[in-house]
Structures are given as C-alpha cells and as structure tokens.
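These notes concern the structure reproduced below.
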Amino acid sequence: HDLRTPLARLRLEAELSVEDAQAREHMVDDIGQIDAIIGKFLDYAKPGSATLQPVLLNDLIDQALAPMQKRHDMQCRMALQPQLLVLADPVELLRVISNLLENAVRYGKSANTGQVKVDISARSYNKQIHLRLRDHGPGVPPEQIKQLTTPFFRGESGRTANNSTGLGLAIVEQTVARLGGSLELSNATGGGLCASLRLPQAMPSSAT
C-alpha cells in the first residue's frame with residue numbers, strides 16, 4: 001500500500017500533465033510495470049496457509065484463458081477430463097494457472113512463426129488431479145531446469161527477459177505447495193517447457 005499509493009498518484013499526474021502522447025504512454029507503461037512487480041513480491045510474501053474447497057478446474061482454466069481470447073498469436077489446445085473437482089483455493093489456483101499461461105505467452109513463442117502454442121491437459125488419477133501445461137517454444141537449457149523456481153534466478157535463456165522479476169515460477173511452486181500439491185518442470189519432447197502439477201482431488205459429494 002505504501003508503494004502503490006504514490007505510484008497511483010504518479011500515473012494520474014502523468015496522464016494529466018504530460019503533453020507528448022508517446023512519452024505519456026511510455027511513462028504509464030513503466031508505472032504499470034513497477035506496480036506489477038510489486039504485486040509479484042506481495043504474492044511471494046504471502047503466508048503459508050490456504051483455505052481449501054472443492055473447485056471445478058475446468059471453469060478456472062476457462063477464466064484464466066479469457067483475457068487471452070483476443071490474441072491472434074496464440075493457439076491453445078485442450079484435453080480436459082470433464083467436471084474435474086480439485087481441492088484448492090480458487091483465487092490461488094487461478095493465479096497459478098494464469099502465471100503459467102503468462103510464462104508460456106512471454107517465452108514460448110516459436111522462433112519460426114512467432115506464434116504461441118499451448119497444450120493444456122488434465123485428468124484424475126489415484127485421488128489426484130494431474131494438470132499439464134506445455135508450450136512449444138525453445139525450452140530451457142537442461143542445467144537450468146531446477147533453478148527456474150529459485151527466486152530472482154536469471155539464466156541465459158529467453159525465459160529470463162529484462163522485465164521479468166524472476167519470481168513467476170517461484171510463486172507458482174510456492175502456491176502449489178500451499179495448496180497441498182506439487183510442481184515439476186521439464187523440457188517437453190519436441191521442444192518447449194512443460195509444467196506438470198499434481199493437486200488434491202475433491203470428491204463430488206463434498207462439492208457445494
């Protein structure tokens with residue numbers, strides 16, 4: 001709050017006082033980026049407990065994809081078992097899925113076409129929900145895979161852009177653990193990064 005209040009004032013001042021339209025747009029974008037970085041820090045600093053309830057995973061995935069529907073450079077293929085109930089905090093899990101999609105869009109573009117292709121699959125198995133998100137980008141050097149969830153890690157690959165906080169995947173791992181699940185990152189066969197999540201399954205009788 002102490003940081004975001006002056007940022008809001010700066011944004012308003014920039015929008016009202018800067019006459020040059022291009023300079024004004026750049027200033028507002030920079031302030032928005034700083035605000036997003038603050039949000040990442042706040043997400044990472046959250047306490048280690050969450051209130052879990054039955055959540056329909058299929059609906060959360062639709063919500064996470066909604067802001068990206070107008071993108072012309074993105075193709076999403078889904079293979080979801082219907083009516084998958086996961087035991088989770090809906091806000092936290094939505095943030096996890098959104099962060100993984102954001103990561104795929106930012107770093108998963110094909111070098112040949114400039115397009116982003118994301119495969120999302122989910123199924124229930126052995127009282128767990130297995131959720132998998134895979135992009136078709138350049139992937140990550142194998143020696144860096146285990147470091148991707150290290151806070152502030154910046155490697156040499158395209159997944160560590162200058163405007164990255166280095167917290168996105170660290171937040172995902174921490175949040176998934178808080179939900180009682182696990183995250184595994186790997187390079188997919190044929191290229192791209194694959195995020196595999198295992199989350200507690202909620203029984204249909206417990207749904208509200």
Side-chain angles (χ1 to χ4, degrees), residues 29 32-46 57 60-80 88 91-111 113-122 129-179 181-199:
D29 286 346
Q33 184 176 326
I34 294 171
D35 188 63
I37 291 171
I38 292 171
K40 293 288 188 183
F41 279 105
L42 292 175
D43 285 341
Y44 189 72
K46 281 191 173 181
L57 178 63
L60 281 185
I61 292 174
D62 287 342
Q63 289 181 49
L65 284 170
M68 303 181 180
Q69 287 180 347
K70 294 183 179 180
R71 294 187 65 105
H72 300 295
D73 61 344
M74 180 179 179
Q75 176 185 351
C76 185
R77 298 183 297 185
M78 293 195 287
L80 307 179
V91 175
E92 295 278 302
L93 185 52
L94 178 60
R95 184 178 291 112
V96 164
I97 298 169
S98 297
N99 278 0
L100 289 174
L101 285 171
E102 178 186 321
N103 190 74
V105 168
R106 181 176 291 180
Y107 307 120
K109 288 187 177 182
S110 167
T113 66
Q115 296 290 304
V116 178
K117 293 183 179 180
V118 182
D119 299 334
I120 304 176
S121 61
I129 300 297
H130 292 233
L131 172 62
R132 183 176 183 267
L133 291 89
R134 178 248 172 124
D135 66 52
H136 291 259
V140 178
E143 66 275 10
Q144 293 183 9
I145 287 285
K146 292 184 178 179
Q147 296 174 277
L148 289 178
T149 54
T150 301
F152 313 115
F153 170 72
R154 291 177 179 271
E156 297 179 358
S157 74
R159 290 186 179 269
T160 52
N162 290 332
N163 62 349
S164 169
T165 63
L167 280 174
L169 292 175
I171 291 170
V172 168
E173 183 181 56
Q174 184 185 70
T175 305
V176 170
R178 191 160 60 234
L179 298 176
S182 63
L183 168 71
E184 180 182 353
L185 299 173
S186 61
N187 280 319
T189 302
L193 186 72
C194 178
S196 300
L197 291 79
R198 294 187 180 186
L199 297 161

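Quick caveat, the model's predicted, so the values are computed rather than measured. Positions are given from 1, in the same order as the sequence printed here.
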Which atom names give the shortest non-hydrogen contact between [X] and [Y], and what distance separates them?
| X | Y | answer |
| --- | --- | --- |
| A195 | L185 | CB-CD2, 3.7 Å |
| A64 | I97 | CB-CG2, 3.6 Å |
| Q115 | M74 | OE1-N, 4.0 Å |
| V116 | A104 | CG1-O, 3.8 Å |
| V176 | L183 | CG1-N, 4.2 Å |

Euclidean distance, [Y] [atom2] relative to [X] [atom1], rounded to 0.5 Å:
| X | Y | atom1 | atom2 | value |
| --- | --- | --- | --- | --- |
| C76 | R71 | SG | CZ | 12.0 Å |
| K146 | S186 | NZ | OG | 12.5 Å |
| Q144 | T150 | CD | OG1 | 10.5 Å |
| Q75 | D119 | CD | CG | 8.5 Å |
| E184 | R132 | CD | CZ | 10.5 Å |
| E173 | R178 | CD | CZ | 12.0 Å |

Quick one: are [X] and [Y] in side-chain contact, heavy atoms under 4.5 Å?
| X | Y | value |
| --- | --- | --- |
| Q174 | T149 | no |
| L131 | I120 | yes |
| V96 | E92 | no |
| M78 | I61 | yes |
| T175 | N99 | no |

Problem - Sequence-distant partners of K117, salt bridge (charged side-chain N to carboxylate O under 4.0 Å, His left out), two or more places apart - result: none
Handout entry: By salt bridge (charged side-chain N to carboxylate O under 4.0 Å, His left out) - contacts of D62 (at least two apart)
Key = none
Handout entry: Residues that S110 engages under side chain to side chain contact (heavy atoms under 4.5 Å, CB included), provided they are two or more places apart
Key =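 For S110 the side chain to side chain contact (heavy atoms under 4.5 Å, CB included) partners, ignoring immediate neighbours, are N112, T113.
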Problem - Pairing residues for A88 by the side chain to side chain contact (heavy atoms under 4.5 Å, CB included) criterion, not counting sequence neighbours - result: V86, L93, L179
Problem - G191 backbone acceptor or donor facing R134 side chain under 3.5 Å - result: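 Looks like yes, one N/O pair under 3.5 Å.
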Practice task
Would you confirm whether D135, through its side chain, and L193, through its main-chain N or O, come within 3.5 Å as a donor-acceptor pair?
Solution key: yes
Completion exercise
Quick note, side chain to side chain donor-acceptor pair (under 3.5 Å) partners involving residues 187-198, not counting sequence neighbours, are none
Exercise for the section: Output all residues satisfying ring pair (Phe, Tyr, Trp, His ring centres under 6.0 Å) with H130, sequence neighbours left out; order by chain, then residue number. Expected result: Y125
